[in-house]
2 protein chains.
Amino acid sequence: MTIGVRHDDLRRKNRAMVIAAVRRAGQPSRTEIAAVTGLSNSTISTIAADLIEEGILAEVRSGETIAAKRGRPQVALGLNPRAATVVSVVLSLNSLSASLIDYSGRAIAHDISRPPTLTMNEGDLVEAVTASVRRLLARVQPEHGPLLRMTLAVQGITDSDARKLLWSPITPHSDIAFADALEAIFTIPVTVENDCNMIAVALRSRAPERYSDNFFTILLSNGIGMGLVLRGELFTGSHSSGGEFGHMVHIPDGAQCRCGRRGCIEAYAGNYAILRHARGESERAQPAADIDDATMLALAAAARDHEGREREAFQKAGEAIGFGLGSLFALFDPAPVAIVGLGTSAFDVIEPAMRDAISRTAGGQHNAAISFDLEPDEMPLIRDGCARQALAHVDLEIFAAGVLTTTIAGKEVA
Amino acid sequence: MTIGVRHDDLRRKNRAMVIAAVRRAGQPSRTEIAAVTGLSNSTISTIAADLIEEGILAEVRSGETIAAKRGRPQVALGLNPRAATVVSVVLSLNSLSASLIDYSGRAIAHDISRPPTLTMNEGDLVEAVTASVRRLLARVQPEHGPLLRMTLAVQGITDSDARKLLWSPITPHSDIAFADALEAIFTIPVTVENDCNMIAVALRSRAPERYSDNFFTILLSNGIGMGLVLRGELFTGSHSSGGEFGHMVHIPDGAQCRCGRRGCIEAYAGNYAILRHARGESERAQPAADIDDATMLALAAAARDHEGREREAFQKAGEAIGFGLGSLFALFDPAPVAIVGLGTSAFDVIEPAMRDAISRTAGGQHNAAISFDLEPDEMPLIRDGCARQALAHVDLEIFAAGVLTTTIAGKEVA
DNA sequence: TTCTTTTTTTCGAGGCTCGAAAAAAAGAGC
DNA sequence: GCTCTTTTTTTCGAGCCTCGAAAAAAAGAA
């Protein structure tokens, strides 16, 4: 059952809230934080003083703060960029990108490489990641904060502890224990996350007014991925990474899907499915593993240009996604949807069929009110979401706990 | 954003936790509560003393507590049945049942009537409910606790505040403001809840070891209802009552559904759909509004007895439910499922087709591990869930807040 | 009757938040 | 340039809350 609230939890939670308020608002004053959190000025003052002394926050005295009002001017509080650093690694098909992020969320350095993920063996894949992170760290001056967290985003399914990659389209191998391997080398906590989930995290922090309570992010690429946020929290299922929108059933016993089953949404809306249909191949034809962007852009151009199999293929894709979303809306009520990835470049061809499908479902009653945000480039979102996720862990698990205070009270001088 | 934790919230939360622990465990001792909640013995002792003084808990000195061990015997704590009463009302097709429940969850009295809901006008429907509650209360001796809450369960869709019935198959009228009407008369807070959600609440309290984190309850009757519990909390969508499993899309542009759209799961698995198929009617035939139990039992018997359209109809139903569950499992990972209602009487005919369908979906990999609980009679579950829901409100909003203590501290003697 | 054992209560210490008051840091007015 | 006003931030004492240790209570065991 729920565990009791102990006395020290109180301070920990309120510290976390102050940090979160600063992260969200940018550079709020103590008074603003008090207003937002509902705590008293004196409490915020005390907590802020602690956090500043611990080097987590810093007073920002930029020349132009706000309109010079009468009265004592507000002192803006900001995250101290040197309080910590985190590493955000994005591993995708034939592509690997590691970034060092400071505590305020700014990128310090990147390391980008293009390992042939489909043909590498398991050990080499892990080695590629560690080598990339090593290069990244070697290049950095020591004046940045201590490295406290690493998050790895991969397409595919992870275990519920976010420690292993159970299955991924980028490699034939399964059950790769990335977190263990990386933790052993870099001696900091590591988690392995699904890429679409990280996109959702990024969108929430970028546009909280739109993406807050319930929303979906859908990644259109060779496969169809989904990030699912319910009640403001990432839903990742009870066993694996959940949210397998692409493998909801569209047509029972329908087209052959990459997953081995038939009729999944992905088997109509994934790049391979669109290509297959455009080429006039059978619905049972074996899915292609990797389709380059140029091919898909050419298909989209052809679909836009004239009637024919290409246009039909995108319409089928739109229909599959539309019925899928309709089912989601039946379950969760209409919620904001973000469509991410190269597939957005063909969205004008996809959208009419998609909306038509939605309007034929239970979610369709709000069809007009449903709007789709398009984000063509998923990479920056994934990287950003990864960083946010890692920073959130640092905030909650390390800085909110107030290690320094505890140590002083527990062992050292009074 | 999340609001700060204030000092008095602490006591309120811990009081709520003690009450919850007693409600869950039955008659735990103070020591057991301390162990379960992680709070110290002294804290539990203080809180328990307060709650006893306020008449919320009571020491239970039944002769046979537990095996007489050495040492000071544990004193069992129980909910004081007279601390409060709540009313649980279940309104379904041509049937209305109101129950008075004491604070310990035991039913004190019932009032059962059979109003013709399909033909009544809106005002009469509200009047039927108030009259039933009035009869119920009139019959009760005054020695029971004060009436503090009422919950009304109805099939259909409610608004997000649980105050109105937006749509229901039991009446042609819509937007019925039950909560306002009842609150005006009985001067206690009232909420209107979906029946399947209340089934989920009941199951969680009856078998928490099975139904805790994520689970689904599916009600098979003329329509198909669902209760959805995610992360231990009822999910009710952002706008309406959500969880419209029956209106997820099974076959795009398929059979005519009662909701006016086509291809919904319900259009294959609802009683009217099964009857329609068994009679050899077209998939486009208008759904029947009310089918009596005997007809459905006869269909099930026929299906069990010999091959033919009846059996085929139930198989189609199983397939629709199976693919729907497969999609759910793709989204949420496999989770316990409870099948409720008269439809369970035909479950032996439905199950093979259902399992076969699930095994052809992404959720199918765990097919063997998926077990279905059957609960033929939904009424006691709905009634019980309603009562639990009302009691939970009393626990959290009234008793945990400690009105008495506040009053004393705020205005009266010290 | 005395000793053990276990549960429950009591009591003082230490933390935390709050409100009120004080201090600080500006602009406004003359 | 000085004083007044306004707003933000800090300080301080009061009041709760939880905790651990010790005491009290309530049995069975010897």
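Here is the naming used below: chain letters follow the sequence lines, and residue numbers restart at 1 for every chain.
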Closest to the A:His7 side chain, choosing from D:dA21, C:dA25, C:dG14
C:dG14

Using the salt bridge (Lys or Arg N to Asp or Glu O under 4.0 Å) definition, which of the options A:Arg11, A:Arg12, A:Lys13 pairs with A:Asp9?
A:Arg12

Is there a side-chain polar atom (N or O) of A:Arg11 under 4.0 Å from OP1 or OP2 of C:dG15?
no

Tell me, yes or no, whether the heavy-atom count around B:Arg106 atom CZ, taken from other residues, nucleotides or ligands under 6.0 Å, exceeds 12.
no

Of the options C:dT8, D:dC19, D:dT11, whose atoms approach the side-chain atoms of A:Ser42 most closely?
D:dT11

Looking only at side-chain N and O atoms, does B:Asn14 come under 4.0 Å of OP1 or OP2 in D:dC17?
no

Check the distance between D:dA25's P and B:Arg30's CZ and give it to me in whole angstrom.
15 Å

Distance below 4.0 Å between A:Thr43 side-chain N/O and C:dC18 OP1 or OP2
yes

To the side chain of A:Ser40, which of D:dT18, C:dG19, C:dT9 is closest?
C:dG19

For A:Ile47 and C:dG15, give me the distance from atom CD1 to atom P, rounded to whole Å.
16 Å

Would you indicate what A:Thr31 reaches in the nucleic acid, counting non-hydrogen atoms under 4.0 angstrom: base, sugar-phosphate, or nothing?
sugar-phosphate

Polar side-chain atom of B:Arg149 near backbone of B:Leu391 as donor-acceptor pair, under 3.5 Å:
no

Cationic N near anionic O, under 4.0 Å, B:Glu59 to B:Arg30
yes

Result for 5'-nearest mapping on DNA chain C, choosing between B:Ala48 and B:Gly71, is B:Gly71

Could you tell me the separation between the CG atom of B:Leu10 and the C1' atom of D:dG15, rounded to a whole number of Å?
14 Å

Picking from C:dC16, C:dC18, D:dG20, which would you name as closest to the side chain of B:Arg6?
C:dC18

Want to settle it: does A:Ala49 or B:Gly38 sit nearer the 5' end of DNA chain D, counting the closest nucleotide to each?
A:Ala49

Heavy-atom distance under 4.5 Å between the side chains of B:Val87 and B:Ile101, does that happen here?
no

Any B:Arg70 side-chain N or O less than 4.0 Å from OP1/OP2 of C:dT7
no

A:Gln74 CD to D:dT6 P, in whole Å, measures 17 Å

Could you check how far CG of A:Asp8 sits from P of D:dC19, rounded to whole Å?
8 Å

B:Ser40 vs B:Thr43, side chain to side chain donor-acceptor pair (under 3.5 Å): CA-CA, chis, key distance, verdict:
CA-CA 5 Å; B:Ser40 72; B:Thr43 302; 3.0 Å; yes

Earlier contact from the 5' end, DNA chain D, for B:Asn41 and A:Ser45:
A:Ser45

Protein-nucleotide distance (A:Leu39, atom CG; D:dT8, atom C1'), rounded to Å
17 Å

Using Watson-Crick geometry (N1-N3 plus N6-O4 or O6-N4) or G-U wobble (N1-O2, O6-N3), each under 3.5 Å, C:dG19 is paired with D:dC12

Find the partner of D:dC2: check Watson-Crick (N1-N3 plus N6-O4 or O6-N4) and G-U wobble (N1-O2, O6-N3) distances, both under 3.5 Å, and reply none if neither fits.
C:dG29

Any donor-acceptor pair under 3.5 Å between the side chain of B:Arg72 and the base of C:dT6?
no

Atom CZ of A:Arg15 and atom C1' of C:dG15: how far apart are they, to the nearest Å?
14 Å

For the pair made of CZ in A:Arg12 and C1' in C:dT17, what is the distance, rounded to whole Å?
17 Å

